[in-house]
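Contents: one structure, followed by commentary.
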Amino acid sequence: MQIFTTKESNNLVLEVKGRLDAVTSPKLEEEGRAWIDRGEKAIIIDLGGVDYISSAGLRAILILARKLNGSGGQIRFCGLRGMVQEVFSISGFTSLFPVFPTLPDALGHS
């Protein structure tokens with residue numbers, strides 16, 4: 001898994017590529033926590049490059065969302081497709097978090 005980080009307006013964008021599973025999800029959690037600890041309040045996670053997500057990946061997302069919500073921030077998602085979109089839907093994440101089809105759509109709702 002790779003994570004590419006950019007700033008767009010007042011949003012931190014984490015573009016994730018590869019698999020988000022038990023082996024790789026701690027890296028996402030660690031990187032997200034570091035940014036939240038530095039004061040980031042608006043994080044968009046672009047999952048367009050993720051082709052697989054496991055329960056460990058969902059857990060990492062929940063941990064980051066709780067930490068961000070606790071500091072008055074918000075997490076949004078974009079680019080979900082295929083199996084990742086299906087897992088988000090079945091797990092109820094699409095009703096828990098704002099999910100947008102593209103990054104520009106997510107940026108437009110900051």
Would you say that more than 12 heavy atoms from the other residues, nucleotides or ligands in this model lie under 6.0 Å from the CZ of R81, or not? yes

Within the structure provided, determine whether L14 and I44 are in side-chain contact (heavy-atom separation under 4.5 Å). no

Distance, nearest 0.5 Å, that separates CD1 of I63 from CD of E30: 12.5 Å

When you measure from the side chain of S54 to the backbone N and O of A56, does any donor-acceptor pair fall under 3.5 Å? yes

Verify the cluster assignment for L28 and L68: are they in a single hydrophobic cluster under the rule of side-chain heavy atoms below 4.5 Å apart? yes

Check whether I45 and L96 end up in the same hydrophobic cluster, where Ile, Leu, Val, Met, Phe, Trp and Tyr are linked by side-chain heavy atoms less than 4.5 Å apart. yes

To the nearest 0.5 Å, atom CG of L12 lies from atom OG1 of T5 at 6.0 Å

Do Y52 and L20 touch side chain to side chain, with heavy atoms closer than 4.5 Å? no

OG1 of T102 to CG of L107: how many Å apart, nearest 0.5 Å? 8.5 Å

Go through it in stages, so that I can follow the logic: the residues are I53 and D21, the test is side chain to side chain contact (heavy atoms under 4.5 Å, CB included), and I'd like the CA-CA distance, side-chain angles, deciding distance and then a yes or no. CA-CA 6 Å; I53 188 167; D21 56 25; over 6 Å; no

Atom pair CD (E29) and CG (L62), whose distance is rounded to the nearest 0.5 Å: 10.5 Å

Are I3 and L80 connected, step by step, through hydrophobic side chains (Ile, Leu, Val, Met, Phe, Trp, Tyr) whose heavy atoms are closer than 4.5 Å? yes

S71 versus E40, side-chain donor and acceptor atoms under 3.5 Å: no

In the single-linkage hydrophobic clustering (I, L, V, M, F, W, Y; side-chain heavy atoms under 4.5 Å), do V23 and V87 co-cluster? no

More than 12 heavy atoms of other groups within 6.0 Å of N10 CG: no

Between L58 and M83, is there a shared hydrophobic cluster once you connect ILVMFWY residues whose side-chain heavy atoms come closer than 4.5 Å? yes

Working to the nearest 0.5 Å, report the span between CZ of R33 and CD1 of I36. 8.0 Å

Distance, nearest 0.5 Å, that separates OG of S25 from CZ of R19: 11.5 Å

Side chains of D46 and V16 in contact at under 4.5 Å (non-hydrogen atoms): no

Determine whether P98 and Q74 make a side-chain contact, defined as any pair of heavy atoms from C-beta on separated by less than 4.5 Å. yes

List the steps and the verdict of side chain to side chain contact (heavy atoms under 4.5 Å, CB included) for I43 and N11. CA-CA 6 Å; I43 297 178; N11 298 279; over 6 Å; no

Under 6.0 Å between ring centres, would you say that holds for F77 and F88? yes

Note: K17-E15 ion pair, threshold 4.0 Å (strictly below): yes

Does the K27 side chain pair with the main chain of M1, one donor and one acceptor, at a distance under 3.5 Å? yes

According to ring pair (Phe, Tyr, Trp, His ring centres under 6.0 Å), who are the partners of F100, at least two apart in sequence or on a separate chain? H109

